[in-house]
Amino acid sequence: MTTLSTRRWFFSSESVTEGHPDKVADSISDAVLDAVLSVDSTGRVACETLVTTGKVIVAGEMAFTGDGDFDVERLTRDTIAEIGYVGFDPLFDAEQVDVDVLIHQQSADIAAGVSRSLERRRGSSDPLDQLGAGDQGIMFGFAVDETPELMPLPIQLAHRLAERLTQVRRDGILDYLRPDGKTQVTVEYEDHTPVRVTSVLISAHHGPGVDVDAELRPALWEHVVEAVVPPEMLDGDVPFLVNPSGRFEVGGPHADTGLTGRKIIVDTYGGYARHGGGAFSGKDPTKVDRSAAYAARHAAKNVVAAGLATKCELQLAYAIGQAAPFSVHVETFGTCQVDPGRLEKLIADYFDFRPAAIIRRLGLDRPIYRRTAAYGHFGRPEFPWESTAEAAGLAAAAEQL
């Protein structure tokens, strides 16, 4: 008999802080979306933001009803100030930056196709058929039993390190830190089990006069790494890189132009699972790039929480203006506890993936999106698509297969 040896492999994921230029852009776009949804829960938004030295451009389209004459420029400045770009760099400062607002009405052709779906035009009377998908495309959701949040461990640790990096800045524990920053974690696996963290990288934006090796590196290890990474995962002398290029005094949009939607892998699963290519921030929930990705994560997480698989990836495909997805595919990587074909049918029957049904089930017509802009859209229990309330019902339905 041949004995199979244990396969050892390594996987790395990165995250960024809210002060990273791309995340500044995402935050502004989602702040605009929240402002619209706060006055009209059916409002439509597609907002793109560019940030660079001394300049912010907020562009896109929107449509809403009600008393929503809000000031996009003021909203932009307030968002930048909340992130922390105030008082230390006149080349990108909340009150000194130039803000150009280039927002127009949503295309009537798109609005018509979304507001009256193909199914409704063919005579369907189901109210959940009223809303068609806001665009064509493919979306993926994923879950794995590596962490309590059912996320891959590398991206979950990278996010929490980035979040902690911001926290120690905001709390004044490391008061010389500034808003920009990046984290990266490498995890060693034995077969399908993560066993140790093998390297950590943090690039931290800081003020002048900070000694990276003598001051910053030990402070970040104590206040960030040890506060986040479980001690049993820090086996031995873990390589720890801090600002490997040297000083990081010039950061944020002055150092690097930022754009909405340029961190799609950071926003999802850190490269561990597939991605359909669509970004999230600045898009209202009729855009299935966003809402269907949330719904797919919700379904995949409940499959794993129900014990039907230890790893689950779900793909949905849509046509613009059509309510129902024309493809639902499930991959469990050999971990399925029921017949894979039957599981795929169960998921398609159990979860309604029409846009109106997703919005209603997950409560996506509320101003909840600004909080998603940094530290990951998944693996954070405050968001409705992270609920596992469907797991018990899904498990019971699987028993009837």
Side-chain angles (χ1 to χ4, degrees), residues 18 23 25-49 58 60-72 74-76 78-79 82-83 103 106 110-111 114-115 117 127-135 139 141 149 163 260-261 267-268 278-302 316 318 323 351-390:
E18 63 196 44
K23 286 295 153 194
D26 283 344
S27 295
I28 293 169
S29 292
D30 275 336
V32 171
L33 171 60
D34 277 357
V36 170
L37 293 179
S38 69
V39 299
D40 180 4
S41 64
T42 65
R44 306 283 170 78
V45 178
C47 180
E48 312 293 341
T49 303
V58 186
E61 61 267 5
M62 65 173 63
F64 61 91
T65 59
D67 298 326
D69 188 20
F70 50 84
D71 186 340
V72 173
R74 186 69 258 162
L75 187 64
T76 298
D78 289 346
T79 302
E82 181 185 342
I83 290 169
I103 293 178
Q106 183 187 49
I110 294 176
V114 173
S115 298
S117 71
L128 294 181
D129 276 338
Q130 178 65 45
L131 191 65
D135 202 352
M139 299 85 209
E149 299 83 7
E163 201 168 38
T260 299
D267 285 345
T268 52
F280 298 156
S281 288
K283 296 178 180 178
D284 74 74
T286 68
K287 279 73 170 177
V288 285
D289 273 345
R290 185 169 213 163
S291 55
Y294 292 166
R297 161 65 177 173
H298 181 239
K301 187 174 183 181
N302 277 273
L316 302 174
Y318 290 85
F351 294 97
D352 191 337
F353 293 116
R354 291 175 294 176
I358 293 171
I359 292 168
R360 184 173 70 176
R361 181 169 69 250
L362 300 180
L364 300 184
D365 56 354
R366 299 170 290 151
I368 60 174
Y369 297 101
R370 169 68 177 83
R371 291 178 296 150
T372 70
Y375 315 116
H377 292 246
F378 307 125
R380 298 167 63 187
E382 65 263 36
F383 298 136
W385 48 89
E386 293 296 308
S387 168
T388 55
E390 302 296 333

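In what follows, every heavy atom counts, from backbone to side chain, and hydrogens, waters and symmetry copies are set aside.
Contact of the Phe383 side chain with the Phe378 side chain is not registered, since no non-hydrogen atoms from C-beta on lie closer than 4.5 Å. Thr42 is not listed as a side-chain neighbour of Asp365, based on a closest heavy-atom distance of 4.5 Å or more. Side chains of Met139 and Arg290 form no contact here, defined as non-hydrogen atoms less than 4.5 Å apart. Two residues are said to be in side-chain contact when any heavy atoms from C-beta on lie closer than 4.5 Å; Asp352 and Ile358 fail this criterion. Within the 4.5 Å cutoff, the side chain of Leu131 has no heavy atoms near those of the Arg354 side chain. Between Asp30 and Lys283 the shortest side-chain heavy-atom distance does not fall below 4.5 Å.
In this view, Glu48 satisfies the salt bridge (Lys or Arg N to Asp or Glu O under 4.0 Å) rule with no residue, not counting sequence neighbours. Applying the salt bridge (Lys or Arg N to Asp or Glu O under 4.0 Å) rule to Glu390 yields no partners; only residues at least two apart in sequence or on another chain are considered. With sequence neighbours left out, the side-chain contact (heavy atoms from CB on, under 4.5 Å) criterion links Ser29 to Cys47, Thr49, Thr260. Listed by chain and residue number, Arg74 satisfy the salt bridge (Lys or Arg N to Asp or Glu O under 4.0 Å) test with Asp78 (two or more places apart in sequence, or in another chain). Every residue two or more places apart in sequence or in another chain was checked for a salt bridge (Lys or Arg N to Asp or Glu O under 4.0 Å) with Arg361, and none qualifies.
Of all the heavy atoms in Ala296 and Gly141, the pair that sits closest is CB-N, 3.4 Å. Minimum interatomic distance between Phe64 and Gly43 (heavy atoms only, all atoms of both residues): CB-CA, 4.2 Å. Of all the heavy atoms in Leu37 and Leu364, the pair that sits closest is CD1-O, 4.3 Å. Considering all non-hydrogen atoms of both residues, Ser387 and Asn302 come closest at O-ND2, 3.0 Å. Closest approach of Gly379 and Pro381 over heavy atoms only: O-CD, 4.0 Å. Residues Pro355 and Ala323 share a closest heavy-atom pair of CD-O, 3.0 Å.
Rounding to the nearest 0.5 Å places CG of Asp267 at 6.0 Å from CG of Asp26. The CG atom of Asp34 sits 10.5 Å away from atom OG of Ser27, with the distance rounded to the nearest 0.5 Å. Between atom CG of residue Leu33 and atom CD1 of residue Ile368 there is a gap of 9.0 Å, rounded to the nearest 0.5 Å. Taking OG from Ser291 and CH2 from Trp385, the interatomic distance works out to 10.5 Å, rounded to the nearest 0.5 Å. Residue Glu163 holds its CD atom at 6.5 Å from OH of Tyr375, rounded to the nearest 0.5 Å. The CG atom of Asp284 lies 6.5 Å from the CZ atom of Arg44; values are rounded to the nearest 0.5 Å.
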Step by step, work out the salt bridge (Lys or Arg N to Asp or Glu O under 4.0 Å) result for Lys301 and Glu149. CA-CA 9 Å; Lys301 187 174 183 181; Glu149 299 83 7; over 6 Å; no
Stepwise, does the side-chain contact (heavy atoms from CB on, under 4.5 Å) test hold for Leu75 with Asp71? CA-CA 6 Å; Leu75 187 64; Asp71 186 340; over 6 Å; no
side-chain contact (heavy atoms from CB on, under 4.5 Å) between His377 and Glu386, worked out: CA-CA 9 Å; His377 292 246; Glu386 293 296 308; over 6 Å; no
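Salt bridge absent: Asp289 and Lys287 never bring a charged side-chain N and a carboxylate O closer than 4.0 Å.
Although no hydrogens or angles enter the test, the distance criterion places a donor-acceptor pair under 3.5 Å between the side chain of Arg366 and the main chain of Gly363.
Between Phe280 and Tyr294, a ring centre-to-centre spacing shorter than 6.0 Å is recorded.
Applying the salt bridge (Lys or Arg N to Asp or Glu O under 4.0 Å) definition to pairs two or more places apart or across chains, those involving residues 372-385 are Arg380-Glu382.
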